[in-house]
S.K.: 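Questions regarding the structure given below will be posed in turn.
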4 protein chains.
Amino acid sequence: MDHARPLPAYLISRYNGWKATTYTSNKAWYHRLAESGQHPRAMVISCCDSRVHVTSIFGADEGEFFIHRNIAGLVPIYSPDGGNHGTSAAVEYAVTALKVAHVVVMGHSNCGGVKGCLDMCAGDAPELEKQSSFVGRWMDILRPGYERVQGLPAEQKTRALEKQAVLVSLENLMTFPFVRTAVESEFLTLHGLWNDIGAGVLEQYDPAQKAFVAL
Amino acid sequence: MDHARPLPAYLISRYNGWKATTYTSNKAWYHRLAESGQHPRAMVISCCDSRVHVTSIFGADEGEFFIHRNIAGLVPIYSPDGGNHGTSAAVEYAVTALKVAHVVVMGHSNCGGVKGCLDMCAGDAPELEKQSSFVGRWMDILRPGYERVQGLPAEQKTRALEKQAVLVSLENLMTFPFVRTAVESEFLTLHGLWNDIGAGVLEQYDPAQKAFVAL
Amino acid sequence: MDHARPLPAYLISRYNGWKATTYTSNKAWYHRLAESGQHPRAMVISCCDSRVHVTSIFGADEGEFFIHRNIAGLVPIYSPDGGNHGTSAAVEYAVTALKVAHVVVMGHSNCGGVKGCLDMCAGDAPELEKQSSFVGRWMDILRPGYERVQGLPAEQKTRALEKQAVLVSLENLMTFPFVRTAVESEFLTLHGLWNDIGAGVLEQYDPAQKAFVAL
Amino acid sequence: MDHARPLPAYLISRYNGWKATTYTSNKAWYHRLAESGQHPRAMVISCCDSRVHVTSIFGADEGEFFIHRNIAGLVPIYSPDGGNHGTSAAVEYAVTALKVAHVVVMGHSNCGGVKGCLDMCAGDAPELEKQSSFVGRWMDILRPGYERVQGLPAEQKTRALEKQAVLVSLENLMTFPFVRTAVESEFLTLHGLWNDIGAGVLEQYDPAQKAFVAL
């Protein structure tokens with residue numbers, strides 16, 4: 001790989017700071033983690049967005065959460081066709097190998113992926129419809145959600161679709177046989193969250209009210 | 001989604017703690033992030049493993065890193081076949097929409113995914129060879145790396161394959177036309193890292209030495 | 001004590017969360033507790049096990065329970081030989097100084113200490129028989145219980161011994177003169193509980209049925 | 001055990017509340033805990049005092065902390081004499097079987113045990129000097145701490161001795177060979193805390209300053 005370059009100096013300096021402080025103070029814990037393996041209690045599926053770090057919101061330390069992050073935090077439908085399904089592999093590993101007790105899907109406000117999906121479904125982003133658009137093809141997973149928000153006033157659509165991203169993912173999770181089995185035998189619970197970046201609000205989906213409600 | 005459940009109390013209590021401290025002290029920054037969008041300088045691709053949080057190692061605050069996490073931190077080869085390629089979508093969004101300056105691929109020691117790949121390629125994990133094994137099919141991406149470490153003594157193979165995971169991913173990144181263009185026009189640099197969890201060591205790939213060397 | 005280290009950051013952050021929420025909202029109660037001393041109604045003796053917190057099961061707030069926790073929640077026989085008997089000191093303080101009305105002994109399923117005792121008594125754990133094994137010497141307290149379950153089918157022995165741990169402790173409590181006096185003068189009642197961690201079931205010992213029955 | 005009595009109604013009602021809410025919402029986690037065993041990151045040694053629950057201060061959920069509680073949170077010196085040493089057994093199990101990464105010793109203000117020790121050492125509590133006083137014999141562990149605070153003005157002695165209880169325990173922990181080995185090989189760290197109940201302040205011992213300083 002001739003194209004690899006040395007790390008930018010700002011990252012080296014930050015690593016050195018971490019090594020001299022956090023790592024040094026917690027060496028015993030890192031040694032244990034390396035020797036005893038991980039036993040995370042929960043898997044979190046969230047967006048790649050740089051503004052939403054679940055490690056911050058839940059004060060997560062090393063060892064606590066198995067974290068998968070992709071565009072918009074989506075989970076595709078179960079499809080064992082032999083393809084390279086990264087999200088499905090992460091879910092399979094968390095549920096069947098690590099045996100996590102919770103899978104938390106967290107969406108958020110101001111999500112670029114969801115905005116793109118809205119534009120694409122509304123016919124305003126033909127470039128995303130191309131077969132060669134990875135973002136477009138990835139956001140296809142959310143199309144069923146678009147149908148449910150289509151009738152809403154324009155100013156409500158984005159937020160509603162961000163929450164649909166969570167619901168569609170939770171529905172798709174239940175199409176995985178090992179997820180369904182674990183949920184039905186009460187060894188796994190699924191949770192849907194939506195984070196408002198600016199307001200710092202966290203809403204969770206309540207099936208009784210069929211709505212997201214603030215914690 | 002009738003299966004969604006209320007968030008476990010320990011997470012609610014942690015969120016409340018975050019809201020009352022970190023969020024409250026940094027409200028201005030969260031407001032800006034929500035209003036002005038994200039402008040992350042780097043994309044990081046790393047493993048879902050609960051023991052390796054790049055946000056910790058690089059002291060990343062909200063807004064700095066666009067983070068994609070999957071099993072073993074792998075990038076598949078460019079394949080615009082219309083499928084739901086989550087990793088490719090994340091790379092595309094980071095490079096073409098967010099125009100990040102760096103893509104950092106970070107592997108790590110004690111990686112369960114890489115261990116599974118080693119077993120699978122050595123013929124010791126037939127269950128991972130099944131078409132229905134998402135983890136197995138995902139780790140297929142790393143098979144070219146296995147061939148390069150096959151001749152090594154047994155005790156060196158795992159670590160060598162963990163580093164191959166980084167190299168194979170970097171090579172695959174260059175098969176994406178928009179990555180290659182950005183790299184060749186010097187608007188993007190690629191970086192390969194490997195983290196030793198227990199020792200807290202970070203090694204980076206140096207093409208001159210064709211080896212990973214400690215920072 | 002040169003070996004003391006700063007608290008790991010995750011605990012500092014959790015403390016800060018508690019201080020900003022629970023403490024701040026209940027400051028009046030904490031002030032009263034500090035000024036007026038404690039008047040707990042009950043003492044609970046339970047296991048150190050991280051999975052069984054009586055504060056959770058009984059929703060205990062600050063000030064309610066005087067809690068002693070040791071391996072398997074055992075009480076040794078009365079033995080005023082001048083040694084450092086931590087459990088006996090805790091019982092003495094609760095009954096004679098705090099004058100609690102109830103002493104609750106709570107055992108639980110999946111208890112590592114009881115499992116070790118079973119192995120030791122069956123001759124399968126010679127390392128626990130050593131004089132230098134603190135766990136072994138502590139679990140000696142439960143040997144009389146082993147004799148009572150020895151004849152049971154193998155699959156029933158563990159659970160039966162977990163419950164014997166409660167009964168032996170209750171019997172030993174009655175060897176303390178100040179406990180016996182308080183019980184006989186009806187200023188103190190003793191209670192035996194066993195918690196099934198997975199099923200969330202709480203059973204209490206009923207002397208009439210000579211058995212543990214679910215609440 | 002004919003003396004066992006049915007649980008007071010207030011505890012049955014609280015258990016029923018917990019079962020219908022916390023347990024039901026977290027059934028998956030309890031199932032996992034029962035099936036996969038405990039993997040606590042830290043051991044906490046603290047006082048039985050009803051006013052100081054480390055589970056509250058650190059927002060600890062089931063599975064996180066292995067908790068030993070005795071009068072004043074003391075650890076005796078290593079003494080493998082074949083006696084029933086409950087605290088030593090708890091430390092041994094946590095460090096050698098569970099392999100926790102941290103042992104946290106937490107003292108607190110207004111501690112009845114420490115107050116008794118002060119009176120006893122000052123000659124004001126002859127009843128605690130008796131061989132038959134379990135509290136007195138237990139607090140003997142803290143006598144070396146009394147010598148260090150003896151010269152202080154009367155109004156500072158109590159608080160100083162509460163902190164000595166933490167330091168003496170930390171020193172005694174290092175007399176256990178398996179603790180010393182784990183600390184020296186950097187697989188275990190020791191931490192000393194003191195909690196002011198009324199003010200909600202947490203101080204930690206800093207060996208550099210040879211003093212407790214607020215977090």
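Chain identifiers are assigned alphabetically (A, B, ...) following the order of the sequence lines, protein sequences preceding nucleic acid strands; residue numbering begins at 1 within each chain.
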S.K.: Who among D/Gly192, D/Ala208, D/Ala199, D/Gly59 has the most heavy-atom pairs with chain C under 4.5 Å?
M.R.: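 Of the options given, most contacts go to D/Ala199.
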S.K.: Among C/Trp29, C/Tyr78, C/Trp138, which residue has the highest count of heavy-atom pairs closer than 4.5 Å to chain D?
M.R.: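 The answer is C/Trp138.
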S.K.: Where does C/Asp196 contact chain D at under 4.5 Å (heavy atoms): side chain, backbone, both or neither?
M.R.: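 C/Asp196 has no heavy atom closer than 4.5 Å to chain D.
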S.K.: What's the separation between atom CG in D/Leu74 and atom CG in C/Asn84, rounded to the nearest 0.5 Å?
M.R.: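 One finds 9.0 Å between CG of D/Leu74 and CG of C/Asn84.
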S.K.: Tell me, with the steps shown, if C/Trp18 and D/Phe58 meet side chain to side chain contact (heavy atoms under 4.5 Å, CB included).
M.R.: CA-CA 7 Å; C/Trp18 169 82; D/Phe58 291 132; over 6 Å; no
S.K.: Report, by ascending residue number, the residues of residues 34-43 of chain C in heavy-atom contact with chain D at a distance under 4.5 Å; give 'none' if the set is empty.
M.R.: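 Only C/Ala34, C/Gly37, C/Gln38, C/Pro40, C/Arg41, C/Ala42 of residues 34-43 of chain C have a heavy atom under 4.5 Å from chain D.
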S.K.: Which heavy-atom pair separates D/Gly82 from C/Gln131 by the least distance, and what is that distance?
M.R.: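 It is N-CG, 3.7 Å.
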S.K.: Report yes or no: does C/Arg51 contribute a side-chain atom to a donor-acceptor pair with the main-chain N or O of D/Leu33 at less than 3.5 Å?
M.R.: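 Yes.
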S.K.: So which residues of residues 88-95 of chain C are in contact with chain D at a heavy-atom cut-off of under 4.5 Å?
M.R.: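 Result: C/Ser88, C/Ala89, C/Ala90, C/Glu92, C/Tyr93.
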S.K.: Does atom NZ of D/Lys19 have more than 12 heavy-atom neighbours, drawn from other residues, nucleotides or ligands, at distances under 6.0 Å?
M.R.: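 Counting neighbours around NZ of D/Lys19, more than 12 heavy atoms of other residues, nucleotides or ligands fall under 6.0 Å, so yes.
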S.K.: Determine whether D/Arg14 and C/Glu64 satisfy the following criterion, salt bridge (Lys or Arg N to Asp or Glu O under 4.0 Å), listing intermediate values before the conclusion.
M.R.: CA-CA 13 Å; D/Arg14 291 214 196 162; C/Glu64 295 196 289; 2.4 Å; yes
S.K.: With heavy-atom distances below 4.5 Å as the criterion, would you say the side chains of C/Glu62 and D/Ser50 are in contact?
M.R.: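 No. Closest side-chain heavy atoms not under 4.5 Å.
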S.K.: Between D/Ala72, D/Ser56, D/Gly136, D/Gly116, who has the most heavy-atom pairs with chain C when the cutoff is under 4.5 Å?
M.R.: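 Sorted descending by pairs with chain C, the first entry is D/Ser56.
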S.K.: Would you mind checking which part of D/Lys130 comes under 4.5 Å of any heavy atom in chain C, side chain (CB onward), backbone (N, CA, C, O), both or neither?
M.R.: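 Neither part.
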S.K.: Does atom OH of D/Tyr10 have more than 12 heavy-atom neighbours, drawn from other residues, nucleotides or ligands, at distances under 6.0 Å?
M.R.: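 Yes, the 6.0 Å shell around OH holds more than 12 heavy atoms from other groups.
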S.K.: Ignoring hydrogens, what is the shortest heavy-atom contact between C/Gln204 and D/Leu7? Give both atom names and the distance.
M.R.: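 Taking C/Gln204 first and D/Leu7 second, the nearest heavy atoms are OE1-N, 2.7 Å.
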S.K.: Kindly say whether the aromatic ring centers of D/Phe134 and C/Phe176 come within a distance under 6.0 Å.
M.R.: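 Yes, they do, as the ring centres are separated by less than 6.0 Å.
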S.K.: Give the member of D/Ser109, D/Gly112, D/Ala97, D/Gly17 that has the highest number of heavy-atom pairs under 4.5 Å with chain C.
M.R.: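 The candidate making the most pairs under 4.5 Å is D/Gly112.
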S.K.: Find the one option among D/Thr189, D/Thr24, D/Leu202 whose heavy-atom pairs under 4.5 Å with chain C are most numerous.
M.R.: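 Top option by heavy-atom pairs under 4.5 Å: D/Leu202.
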S.K.: For residues D/Asn70 and C/His68, report the shortest heavy-atom separation together with the two atoms involved.
M.R.: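 Smallest interatomic distance, heavy atoms only, reads CA-ND1, 3.9 Å.
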S.K.: Could you tell me if the side chain of D/Phe65 sits less than 4.5 Å from the side chain of C/Leu11, heavy atoms only?
M.R.: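 Answer yes - side chains close enough.
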S.K.: Indicate the atoms forming the closest heavy-atom contact of D/Ile71 with C/Phe66, along with that distance.
M.R.: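 What the structure gives for the nearest pair is CD1-CZ, 3.6 Å.
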S.K.: Using non-hydrogen atoms and a 4.5 Å limit, figure out which bit of C/Val201 sits close to chain D: side chain, backbone, both or neither.
M.R.: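 Both parts, heavy atoms under 4.5 Å.
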S.K.: Do the non-hydrogen side-chain atoms of C/Ile67 and D/His53 ever get within less than 4.5 Å of each other?
M.R.: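 Yes - at least one pair of side-chain heavy atoms lies under 4.5 Å apart.
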S.K.: At a heavy-atom distance under 4.5 Å, which candidate from D/Ile141, D/Val166, D/Asn16, D/Leu167 has the highest pair count against chain C?
M.R.: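 Most heavy-atom pairs within the cutoff with chain C belong to D/Ile141.
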S.K.: With a 4.5 angstrom heavy-atom cut-off, is it the side chain or the backbone of C/Ser79 that approaches chain D, or both, or neither?
M.R.: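 For C/Ser79, backbone heavy atoms alone lie under 4.5 Å from chain D.
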S.K.: Out of curiosity, C/Ser132 OG to D/Asp81 CG, how far, rounded to the nearest 0.5 Å?
M.R.: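 The distance works out to 11.5 Å.
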S.K.: Against chain D, label C/Val135 side chain, backbone, both or neither, depending on which of its atoms sit under 4.5 Å from a heavy atom there.
M.R.: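 For C/Val135, the contact with chain D is made by backbone and side chain together.
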S.K.: Please tell me if the side chains of D/His3 and C/Met174 come closer than 4.5 Å, counting only heavy atoms from C-beta onward.
M.R.: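 Answer yes - side chains close enough.
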S.K.: Looking at every non-hydrogen atom in both residues, tell me the closest pair between C/Gly83 and D/Arg137 and how far apart they are.
M.R.: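 Of all heavy-atom pairs spanning C/Gly83 and D/Arg137, the closest is O-CB, 3.5 Å.
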S.K.: Can you tell which of D/Met139, D/His108, D/Lys27, D/His31 has the highest number of heavy-atom pairs within less than 4.5 Å of chain C?
M.R.: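 With the most close heavy-atom pairs to chain C, the winner is D/His31.
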S.K.: Test your reading of the model: is there a side-chain donor-acceptor pair from D/Tyr205 to the backbone of C/Asp2, 3.5 Å cut-off?
M.R.: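 The answer is no, because no donor-acceptor pair under 3.5 Å joins these two groups.
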S.K.: Mark yes or no for whether D/Tyr15, through its side chain, and C/Ile57, through its backbone, hold a donor-acceptor pair below 3.5 Å.
M.R.: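 The answer is no, because no donor-acceptor pair under 3.5 Å joins these two groups.
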S.K.: Check whether C/Leu173 gets within reach of chain D through its side chain, its backbone, both or neither, counting any heavy atom under 4.5 Å.
M.R.: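 Neither; nothing under 4.5 Å.
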S.K.: Checking D/Leu98 against chain C: side chain, backbone, both or neither under 4.5 Å from a heavy atom?
M.R.: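 Answer is neither: D/Leu98 stays 4.5 Å or more from chain C.
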S.K.: For C/Thr87, is it the side chain, the backbone, both or neither that has a heavy atom under 4.5 Å from a heavy atom of chain D?
M.R.: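 Neither; nothing under 4.5 Å.
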S.K.: Checking heavy atoms, do the side chain of D/Asp49, its backbone, both or neither come under 4.5 Å from chain C?
M.R.: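 Backbone plus side chain of D/Asp49, per the 4.5 Å heavy-atom cut-off to chain C.
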S.K.: Is there a donor-acceptor pair under 3.5 Å between the side chain of C/His191 and the backbone N or O of D/Pro6?
M.R.: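 At least one qualifying donor-acceptor pair exists.
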S.K.: As an exercise: rank C/Ser133, C/Cys48, C/Gly198 by heavy-atom pairs under 4.5 Å with chain D and give me the winner.
M.R.: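 Maximum pair count with chain D is reached by C/Cys48.
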